[in-house]
Amino acid sequence: MTSAIALVDCNNFYVSCERVFNAKLIARPVVVLSNNDGCVIARSNEAKALGIKMGTPLFQTQHLVEEYDVAVYSSNYALYGDMSHRVMGALQEFTPEVEVYSIDEAFMRLDHDPASSLFSYGLRIKEKVRQWTGIPVSVGIAPTKTLAKIANHLAKKSSGVEGVLDLTGMSEQAEALERTPVGEVWGVGAAYAKLLRARGITTALKLRDADRLWVRKRMTVVGARIVEELRGISCLPMEQCPPQKKSITCSRSFGTSVESLGEMREAVATYMRRAAEKLRRQKLAAGVVTIFINTNRFSKEPQYSNAITYELAYPTDVTDELLEWAYKGLGQIFREGYRYKKAGVMLNHLVPSDQLTVRLFHNSDFERSRRLAKVIDAINARHGRDTVRYGMAQSNCGWKTKFNWRSSRYTTCLQEVLSIM
DNA sequence: TCTGGGGTCCTAGGACCC
DNA sequence: TCTGGGGTCCTAGGACCC
């Protein structure tokens with residue numbers, strides 16, 4: 001048996017999810033927007049062909065949307081998250097060695113008989129995912145993760161027919177690397193691409209054959225690993241169990257600007273409640289809490305942004321306590337007279353919540369709060385978010401994120417399942 | 001009018017200690 | 001004229017990812 005790495009990546013994932021539940025979208029240009037309906041974050045091939053770029057603010061591409069009758073959707077993360085689970089489940093039918101790398105892609109280790117065709121293995125994966133979920137994927141196969149990424153990229157681009165590319169052969173690799181601009185290599189962003197091009201390193205092939213000492217010096221060990229991976233030497237191991245989180249953030253841009261401390265308190269409290277839920281879901285507690293607020297950096301109005309960080313005497317996973325820090329911090333950094341556009345909270349120094357030290361004072365209060373939080377989480381998990389909630393009722397909700405074009409939560413919400421008329 | 005959100009890793013340099 | 005050296009810890013900032 002020999003072993004290769006496959007990268008399976010869903011094509012235009014969010015758009016494909018929308019299409020699974022709405023056949024009228026097939027062959028139409030479709031885009032999905034970021035939170036608050038701000039930017040384009042997913043495009044169908046038809047939308048790409050119109051020249052709609054990734055990350056473009058909707059208002060800047062409105063003319064194309066109207067002229068070509070582009071279907072526009074708000075993000076529907078409940079749907080996408082659930083579809084992602086189903087895709088990953090299909091992949092696990094082939095091997096337990098699946099690394100879920102992001103919501104729409106996974107690495108797989110393929111152990112195979114050298115005589116058998118990896119290409120047809122890839123086709124079987126693709127077909128299984130399509131049957132189980134309706135989502136189209138591309139499969140790139142190579143000796144290392146970085147090469148598998150490139151294989152996947154090319155599978156998507158050129159073929160379109162099968163969407164599978166086996167790049168385990170040396171001559172195929174060289175040819176593929178030569179066709180790949182250096183900026184498209186995984187791990188080479190805008191800054192490194194510029195640096196490399198200035199040195200005449202314009203393709204992935206030239207990066208593979210570049211002077212390793214120079215790369216190590218200018219691009220740190222991260223760059224050195226990329227070069228090794230391009231040479232077929234694996235430096236990035238498969239990671240099946242996701243490592244423990246080191247930080248948890250919850251932040252949003254507001255639907256409309258916030259000017260009053262009262263509204264800002266509601267927003268920050270909401271984000272802190274969400275962050276606390278995430279924290280408890282992962283069985284962690286936070287030792288450091290940060291609160292931040294920003295005005296709209298794109299506007300010409302007076303700008304202000306600030307943040308404050310607290311180190312807690314005792315790590316906590318209790319919403320009440322975290323809310324106290326949020327309110328206190330906000331009181332410190334909030335200034336009247338600005339139109340705020342965004343706020344958020346960050347939790348750091350995360351430790352397992354079953355190993356918290358016993359508190360010197362009020363430990364029984366703390367334990368009681370933790371039990372209460374558990375009950376509230378269970379109720380909300382069963383009956384929907386915010387069925388039971390800490391703190392005051394929300395009055396003015398202008399700050400709430402906009403989702404003007406959200407599709408139904410077909411797979412996760414009984415009231416919204418697809419109905420056939 | 002309208003511009004996302006949530007992460008990770010690496011390094012340099014300062015603070016501090018013995 | 002001479003003005004230590006090495007180790008560790010922490011943080012800010014830069015780079016990247018989807």
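As the structure is a computational prediction, the values presented were derived from the model and not from experiment. Here is the naming used below: chain letters follow the sequence lines, and residue numbers restart at 1 for every chain.
In this structure, A:Q62 reaches neither bases nor backbone, as no heavy-atom distance under 4.0 Å exists between it and the strands shown. Residue-level contact check: A:K149 touches the backbone only, with heavy atoms under 4.0 Å from sugar-phosphate atoms and none from bases. Counting non-hydrogen atoms under 4.0 angstrom, A:K402 reaches nothing in the nucleic acid. Using a 4.0 Å heavy-atom criterion, one finds that A:R218 contacts no nucleic acid atom at all. Counting any heavy atom pair closer than 4.0 Å across all strands shown, A:T401 reaches no nucleic acid atom. Residue contacts for A:N36: at a heavy-atom cut-off of 4.0 Å it reaches no nucleic acid atom on any strand shown. Counting any heavy atom pair closer than 4.0 Å across all strands shown, A:R216 reaches sugar-phosphate atoms only and no base atom. Here A:D104 lies in heavy-atom contact (under 4.0 Å) with sugar-phosphate atoms only.
The pair A:K156-A:E105 does not count as a salt bridge, with every side-chain nitrogen at least 4.0 angstrom from each carboxylate oxygen. We find that A:K149 and A:E229 are not joined by a salt bridge, their nearest charged nitrogen and carboxylate oxygen being 4.0 Å or further apart. Salt bridge present: A:D69 and A:R28 bring a charged side-chain N and a carboxylate O closer than 4.0 Å.
Closest approach to the A:K246 side chain among B:dT11, B:dT8, C:dA15 is made by B:dT8 (side chain taken as heavy atoms from C-beta onward). Side-chain atoms of A:A191 lie closest to C:dA15 of the nucleotides C:dA15, B:dT3, B:dG5. If you check B:dG5, C:dC18, B:dG7 against the side chain of A:S247, the one that comes closest is B:dG7. With B:dG4, C:dA15, B:dC10 as the candidates, the nucleotide lying closest to the side chain of A:V221 is B:dC10. Considering only side-chain atoms of A:I248, the nucleotide from B:dG7, B:dG6, B:dG4 that sits closest is B:dG7. Side chain of A:N296, nearest nucleotide from C:dC17, B:dG6, B:dT3: B:dT3. Residue A:F59 has its side chain nearest to B:dT3 when only B:dT3, B:dG7, B:dG4 are considered. Side chain of A:W186, nearest nucleotide from C:dC17, C:dC16, B:dG5: C:dC17. Of the candidates B:dG5, B:dG6, C:dC18, B:dG5 carries the atom nearest the A:S253 side chain, counting heavy atoms from C-beta on.
Counting heavy atoms from C-beta outward, A:L165 and A:I141 have side chains that stay 4.5 Å or more apart. With contacts defined as side-chain heavy-atom distances shorter than 4.5 Å, the pair A:L284/A:D317 does not qualify.
Using a 4.0 Å cut-off, no side-chain N or O of A:T220 falls inside it from OP1 or OP2 of B:dC9. Proximity of A:K245 to the phosphate of B:dG7: no side-chain N or O atom is located under 4.0 Å from OP1 or OP2.
Helical stems in DNA chain C, defined as runs of 3 or more consecutive Watson-Crick or G-U wobble pairs with both donor-acceptor distances under 3.5 Å, are listed by first residue as B:5-18 with C:5-18.
For A:Y340 and A:F334, the distance between ring centers is under 6.0 angstrom. Ring to ring, A:W325 and A:Y310 are close: their centroids are under 6.0 angstrom apart.
Classified by interplanar angle (parallel below 30°, tilted 30° to 60°, perpendicular above 60°), the ring pair A:Y101/A:W186 is perpendicular.
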